[in-house]
Amino acid sequence: MRIATWNINSVRLRWPLLKALDAALAPDVLCLQETKCPDEFFPRAEIEALGFPHIAAKGMKGYNGVAILSRVPMQVIEDAPDWCARGDCRHLVALLDAPGGPIELHDFYVPAGGDIPDREANPKFAHKLDFVAEATAWTATRAPTRRRVLVGDLNIAPLEHDVWSHKQLLDVVSHTPIEVDAMARWMEQGQWHDAVRHFVPASEKLYSWWSYRARDWAAADRGRRLDHIWVSDDLRGKLQRQHILREARGWEKASDHVPVMVELAK
DNA sequence: ATGGTCGGAAGCCGA
């Protein structure tokens with residue numbers, strides 16, 4: 001069972017790249033973020049034709065938007081909160097009909113948080129912290145549930161080597177101690193385990209995002225690991241491998257994020 | 001030290 005996540009940065013613009021993603025990773029389930037697409041315009045038929053017959057999409061005009069594309073049947077669960085009471089499309093939950101038993105899958109798109117890492121000076125940063133706090137409290141109530149997977153663009157790079165320069169990013173939104181602490185609480189209270197770092201030592205650099213603003217993203221290699229896959233304790237022993245598809249950043253009309261995938265044994 | 005580039009509700013705003 002291969003579960004992947006990708007911030008696609010406009011599904012209408014980039015859905016054709018799913019073909020290359022599928023050739024490289026062959027995910028059974030792919031969670032998308034930043035689809036930027038109202039549900040009535042979601043390229044459903046095109047994506048079904050690529051081999052994902054089960055599609056759940058929750059989008060809005062212009063911003064945000066999440067979707068789950070699946071080869072296995074799934075049931076969308078509707079009892080999640082309206083995060084920060086904004087009506088944003090930043091979260092989908094589905095129960096996957098997975099081999100070995102159902103998996104509760106969460107697809108999150110955490111607010112980026114703006115530029116200034118100060119709750120008082122920057123309402124976007126306050127929104128990010130509030131969102132993570134609500135997600136922490138809610139997923140903690142799910143903690144006793146077996147076989148859970150949480151993926152998404154969480155917009156936080158928690159470890160020193162999840163960014164190109166720990167020292168230079170300590171005051172940059174995505175890597176500040178307040179965000180890193182909030183993420184640690186989220187993982188702890190939800191009993192989540194980092195499924196990608198499970199395979200890659202903390203001392204090794206690991207990124208899933210490179211800014212569009214670099215002249216040469218690969219040469220500069222100033223990345224951050226903003227996209228994550230977490231699993232519940234009972235799935236830790238099932239982890240087979242991880243793959244961060246770095247080459248996707250070099251694709252024609254690339255997203256600034258690359259797909260991240262984890263394989264679970266039955 | 002600053003500004004650099006994307007995408008869409010565009011000629012600005014969010015990332």
Side-chain angles (χ1 to χ4, degrees), chain A residues 5-18 20-21 31-43 46-47 57-67 83-91 107-119 121-132 135 151-158 162-165 167-176 179 182-183 207-228 245-260:
Chain A
T5 178
W6 188 30
N7 180 321
I8 195 171
N9 188 14
S10 172
V11 70
R12 277 179 285 187
L13 193 70
R14 273 184 254 284
W15 69 263
L17 293 178
L18 293 174
L21 187 159
C31 295
L32 301 176
Q33 303 86 36
E34 280 210 89
T35 54
K36 298 183 175 177
C37 180
D39 295 342
E40 59 268 34
F41 301 126
F42 197 88
E46 292 85 343
I47 290 173
K58 187 155 110 184
M60 58 198 281
K61 222 191 249 183
Y63 304 115
N64 309 325
V66 284
W83 306 101
C84 301
R86 287 175 182 245
D88 281 349
C89 300
R90 295 181 174 275
H91 178 229
D107 179 9
F108 271 102
Y109 174 51
V110 172
D115 290 330
I116 305 161
D118 181 312
R119 163 187 280 287
N122 173 14
K124 290 183 199 166
F125 194 67
H127 179 211
K128 181 178 200 174
L129 297 179
D130 292 346
F131 185 100
V132 169
V151 312
D153 176 3
L154 306 185
N155 268 316
I156 298 172
D162 288 338
V163 294
W164 65 275
S165 169
K167 216 172 161 182
Q168 285 176 259
L169 271 78
L170 271 172
D171 205 29
V172 173
V173 172
S174 73
H175 192 62
T176 64
E179 294 166 88
M183 179 173 263
Y207 314 135
S208 65
W209 173 89
W210 293 260
S211 171
Y212 280 129
R213 296 178 191 179
R215 252 171 273 141
D216 182 339
W217 71 272
D221 201 19
R222 295 184 167 188
R224 306 178 201 172
R225 189 169 70 108
L226 304 178
D227 303 274
H228 298 272
L245 195 63
R246 180 185 166 103
E247 67 187 59
R249 188 60 182 78
W251 287 344
E252 200 70 29
K253 285 203 285 182
S255 168
D256 45 354
H257 296 252
V258 300
V260 178

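The shown structure was predicted, so the numbers you read here are calculated from the model rather than taken from an experiment. Only this structure's heavy atoms are used, side chains among them; waters, hydrogens and symmetry mates stay out. Each chain gets a letter, A, B and so on, in the order its sequence line appears, and its residues count up from 1.
Nearest-nucleotide assignment on DNA chain B puts the 5′-proximal partner with Lys253(A), out of Lys253(A) and Asp153(A). Between Gly113(A) and Arg215(A), the residue anchored nearer the 5' end of DNA chain B, judged by the nucleotide with its closest heavy atom, is Arg215(A).
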Atom pairs under 3.5 Å: protein N/O with N/O of nucleotides 12-14 of chain B:
{"from": "dG14(B)", "atom 1": "OP2", "to": "Lys124(A)", "atom 2": "NZ", "distance (Å)": "3.4"}

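Residues His257(A) and Leu226(A) come closest through the heavy atom pair CE1-CD1, 4.1 Å. Across Ala20(A) and Trp251(A), no two heavy atoms sit closer than the pair CB-CZ2, 3.7 Å. Taking every heavy atom of both residues into account, Leu32(A) and Asp107(A) meet most closely at O-OD2, 3.0 Å.
At whole-Å resolution of the value, CH2 in Trp6(A) and P in dA15(B) are 19 Å apart. Atoms OH (Tyr212(A)) and C1' (dG3(B)) sit 18 Å apart, rounded to a whole Å. Computed from coordinates, the Arg222(A) CZ to dG3(B) P distance equals 16 Å when rounded to whole Å. Rounded to an integer number of Å, the gap from CG of Leu154(A) to P of dA15(B) is 15 Å. The nearest whole Å value for the distance from the NE2 atom in His257(A) to the P atom in dT5(B) is 18 Å. Put simply, NZ on Lys61(A) is 8 Å from P on dA10(B), counting in whole angstrom units. Asp227(A) has its CG atom 13 Å from the C1' atom of dA15(B), to the nearest Å. We find that CG of Asp256(A) is positioned 17 Å from P of dG4(B), with the value rounded to whole Å.
Comparing the P positions of dG14(B) and dA10(B) gives an interatomic distance of 14 Å, to the nearest angstrom. The separation of dG3(B) from dA15(B), taken at their C1' atoms, amounts to 16 Å, rounded to a whole angstrom. For the C1' atoms, the distance from dT2(B) to dG7(B) is 24 Å, rounded to whole Å. Comparing dA1(B) with dC12(B), their C1' atoms sit 26 Å apart, to the nearest whole Å.
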- Message: Could you walk me through whether Arg246(A) and Asp221(A) satisfy the salt bridge (Lys or Arg N to Asp or Glu O under 4.0 Å) test, starting with their C-alpha distance in whole Å, then the side-chain angles of each, then the deciding distance to 0.1 Å, before giving a yes or no?
- Response: CA-CA 11 Å; Arg246(A) 180 185 166 103; Asp221(A) 201 19; 3.0 Å; yes
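Between Phe108(A) and Trp83(A), the gap from one ring centroid to the other is short of 6.0 Å.
Two residues are said to be in side-chain contact when any heavy atoms from C-beta on lie closer than 4.5 Å; Tyr207(A) and Arg222(A) fail this criterion.
With sequence neighbours left out, the side-chain hydrogen bond (donor to acceptor under 3.5 Å, both in side chains) criterion links Trp15(A) to no other residue.
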